[in-house]
Every structure is written in structure tokens, then in C-alpha cells.
Amino acid sequence: MKKSITITYVFLILLTVISGIISGAINKNISFIILLLSALKFIGVSFYFMDLKKAHTFWKSIIIGYAIALVIIILMI
């Protein structure tokens with residue numbers, strides 16, 4: 001249990017650092033990459049800390065669908 005918490009924290013910190021590093025780059029697709037990384041962090045936190053990995057498939061699909069819809073809506077704005 002402790003090892004999996006540590007791995008999750010390191011993964012989240014790594015994604016945050018990567019987002020910070022690439023945010024300074026001047027590129028057309030940077031916003032998409034940052035949103036994708038934040039969606040991965042959202043899914044990781046919700047599946048691990050909210051125990052959705054043991055939940056019904058309906059709730060898993062709702063969380064993934066919400067993350068996808070959020071990224072699409074923000075990109076459209």
C-alpha cells in the first residue's frame with residue numbers, strides 16, 4: 001500500500017513538472033498537451049484516491065467521459 005501511494009505521488013509530481021517545463025515553449029499545440037497531462041492527473045487521482053478502480057464500469061466511464069468532454073470544451077473556447 002505504501003509503495004503504491006509513493007508511486008502515485010511521484011507520477012503526479014512528474015506530470016506536474018512536465019507541464020511546467022513545456023508551458024514555456026512556444027508551440028501551437030502546447031495547450032492541448034497541457035490539457036492532456038491535466039486530464040491524466042485527474043483520472044489518476046480519481047481512480048486511485050477515490051477508489052474508482054474498484055467501482056462499477058458505469059462510474060469509470062463517467063469519469064473518463066467527463067475528462068474527455070472537459071478537454072474538448074476547453075479547447076473549443
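In this text the structure is predicted, and so the values were computed from the model without any measurement.
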query: Any idea which heavy atoms bring L37 and S19 closest together, and the distance?
result: CD1-OG, 3.4 Å
message: Just verifying a value: how many Å separate S38 OG and I33 CD1, rounded to the nearest 0.5 Å?
response: 12.0 Å
query: Does F11 have any ring-ring contact (aromatic ring centres under 6.0 Å, His included) partners at least two apart in sequence or in another chain, and if so, which?
result: none
message: Check this for me: Y9, atom OH, are more than 12 non-hydrogen atoms of other residues, nucleotides or ligands nearer than 6.0 Å?
response: no
- prompt: Apart from V17 itself, what residues make up its hydrophobic cluster when side-chain heavy atoms of I, L, V, M, F, W and Y under 4.5 Å apart count as a link, directly or indirectly?
  reply: I13, I21
Anything under 3.5 Å between a donor and an acceptor, one on a side chain of residues 39-46, the other on a protein residue two or more places apart or in another chain? List them.
{"residue": "K41", "atom": "NZ", "partner": "T16", "partner atom": "OG1", "Å": "3.3"}
{"residue": "S46", "atom": "OG", "partner": "F42", "partner atom": "O", "Å": "3.0"}
{"residue": "S46", "atom": "OG", "partner": "I43", "partner atom": "O", "Å": "3.1"}

In residues 60-77, what donor-acceptor pairs under 3.5 Å come from side-chain atoms, sequence neighbours left out?
{"residue": "K60", "atom": "NZ", "partner": "K53", "partner atom": "O", "Å": "3.2"}
{"residue": "S61", "atom": "OG", "partner": "T57", "partner atom": "O", "Å": "3.2"}
{"residue": "S61", "atom": "OG", "partner": "F58", "partner atom": "O", "Å": "2.8"}

- request: Output every pair passing ring pair (Phe, Tyr, Trp, His ring centres under 6.0 Å) with a member in residues 15-39, not counting sequence neighbours, ordered by first then second residue.
  value: none
message: Measuring from atom CZ of F47 to atom OG1 of T8, what distance do you get when rounded to the nearest 0.5 angstrom?
response: 13.0 Å
message: Test of understanding: with side-chain contact (heavy atoms from CB on, under 4.5 Å), list the residues that count as partners of L14, not counting sequence neighbours.
response: I18
